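Heavy-atom basis, side chains included; hydrogens, waters and symmetry copies ignored. As the structure is a prediction and not an experimental result, all values here were calculated from the model. Ligands are counted one by one from 1 in listed order, and the atoms in each one are counted from 1 as well.
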Amino acid sequence: MKNELIERLTGVFHETFGGAPVHLVRAPGRVNLLGEHVDYNDGFVLPAAIDRATYIAFSPTGTDLSTLVAVDFNQRASFSPQTIPSKTQADGSPLPEWAHYPAGVMWSLNENQLETRGMNAVFASNVPRGSGLSSSASVEMAFMLAWQTLSDWMLPSMQRALLGQKAENQYVGVNCGIMDQFASACGVENKLLLLDCRSLDWKTIPLPEDVAIVIADTTIRRKLTSGEYNKRRAACEEAVRLLKQDLPNIRSLRDVSVEEFNRFADKLPEEVSKRARHVVEEIERSNQAEALLEAGNIQHFGELMNQCHASLRDFYEVSSPELNVMASVAQSLDGCYGARLTGAGFGGCTVNLVAHEQAETFSELLAKGYQSETGYQPEIYITRASSGAELLT
Ligand code: GLA
């Protein structure tokens with residue numbers, strides 16, 4: 001699949017710009033095992049970069065104009081540092097929606113006094129869009145690396161992640177946390193990544209050899225996510241503001257223990273209280289992840305994943321009927337330690353931790369169960385934790 005994609009990009013590059021591309025980069029999507037909707041509350045997350053990615057084949061132009069062909073949309077856009085503040089192309093027409101991600105990266109780099117030399121580029125991704133696997137972060141991290149390759153600056157991967165998050169927050173307009181760009185930039189083969197979203201300290205945790213990560217795509221795509229996502233984030237901020245009356249030293253929900261939260265929860269409006277309860281309890285769950293994985297207690301870790309799903313469904317209210325079916329069918333199957341929706345929610349995928357030798361049978365039974373309850377045909381695959389954004393040539 002990967003090689004086919006690269007061949008396709010090279011072919012389109014040749015047809016569009018002539019010749020062969022000088023460089024090729026890839027940046028992966030991610031799956032998150034625990035710590036959902038806590039990154040923007042200073043909590044802990046446990047993602048892994050996956051073996052699906054965005055690829056860009058590109059060459060320098062010697063000007064400051066970048067022309068991109070999005071193979072997945074069969075469209076092209078040209079822009080430069082002069083045109084991007086107004087979200088327009090070199091000919092004055094508006095940037096198409098998909099171009100906001102690469103243009104946002106250019107904008108964010110330029111805002112930080114980092115130059116973005118022009119490129120002719122062809123790109124495509126096999127991270128399904130809107131599926132909770134961070135296709136947009138993978139596009140951002142791929143372009144970040146492409147512009148780094150053409151320029152004479154070089155940033156540590158966490159720095160590239162932060163500038164990608166800035167692009168998404170301030171240019172695209174989604175108030176996301178750091179998890180997705182971090183995982184795409186910093187991924188490590190066969191490892192889970194444990195990130196403290198307050199200090200940005202992170203470490204890798206080996207994935208036990210006898211478990212597989214299975215991704216189950218409901219194939220139902222989320223709608224209107226950014227509005228709902230930003231509302232969830234605002235509710236968390238509101239909770240902090242109100243809880244400060246009793247807990248003046250808190251900076252974010254990370255600073256509130258479950259016990260303290262229970263003491264003051266009824267002072268919050270009902271909806272704010274539900275949102276904050278998810279976050280406070282999820283931070284407590286993700287706090288246990290490292291010890292459980294190191295002790296090889298996958299059983300208990302999986303239970304925390306199941307609790308996380310219930311909490312996202314009932315308190316954070318970001319699940320969907322299809323995600324609930326996918327998670328509950330999985331949880332009833334042999335070999336499944338834990339199953340839950342992954343990413344922002346509202347549609348997309350679940351992540352499942354499954355005994356390795358049962359992963360194939362599990363995937364078949366899950367597909368059948370989901371299809372018979374919903375009528376939709378899912379896409380289910382065993383994924384591998386992969387390395388982060390990299391230059392391939
Ligand atoms: C999206 C955001 C992340 C994170 C997740 C939920 O993927 O981009 O920053 O908040 O949702 O955990």
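In this structure, the ring of Y101 has its center no less than 6.0 angstrom from the ring center of F123.
Using a 4.0 Å cut-off between heavy atoms, R232 makes no contact with ligand 1 at all.
Side chain to side chain, R129 and S135 fail the donor-acceptor criterion of an N or O pair below 3.5 Å. Counted by atom type alone, T16 and R76 present zero donor-acceptor pairs between their side chains at under 3.5 Å.
Under the side chain to side chain donor-acceptor pair (under 3.5 Å) rule, Q331 has a single partner from N306, N352, T350, which is N306.
Contact atoms of ligand 1 toward C176: 2 (C), 8 (O), 9 (O) (distance under 4.0 Å to a heavy atom of the residue). Of all atoms in ligand 1, listed by their number and element, those nearer than 4.0 Å to a heavy atom of Y40 are 10 (O).
Ligand 1 has an N or O atom lying under 3.5 Å from an N or O atom of H37, backbone or side chain. Taking distance alone, with nitrogen or oxygen atoms compared against 3.5 Å, G177 approaches ligand 1 more closely than that limit. Here's the thing with N32: none of its N/O atoms is less than 3.5 angstrom from an N/O atom of ligand 1. Considering backbone and side-chain atoms together, E36 places an N or O closer than 3.5 Å to an N or O of ligand 1.
Atom 1 (C) of ligand 1 has its closest protein heavy atom at D180 OD2, 3.5 Å. In terms of protein heavy atoms, atom 9 (O) of ligand 1 is closest to D39 OD2, 2.5 Å.
By the 6.0 Å and 45° rule, K87 does not stack over the aromatic ring of F79.
For the pair N324 and H309, the minimum side-chain heavy-atom distance is below 4.5 Å.
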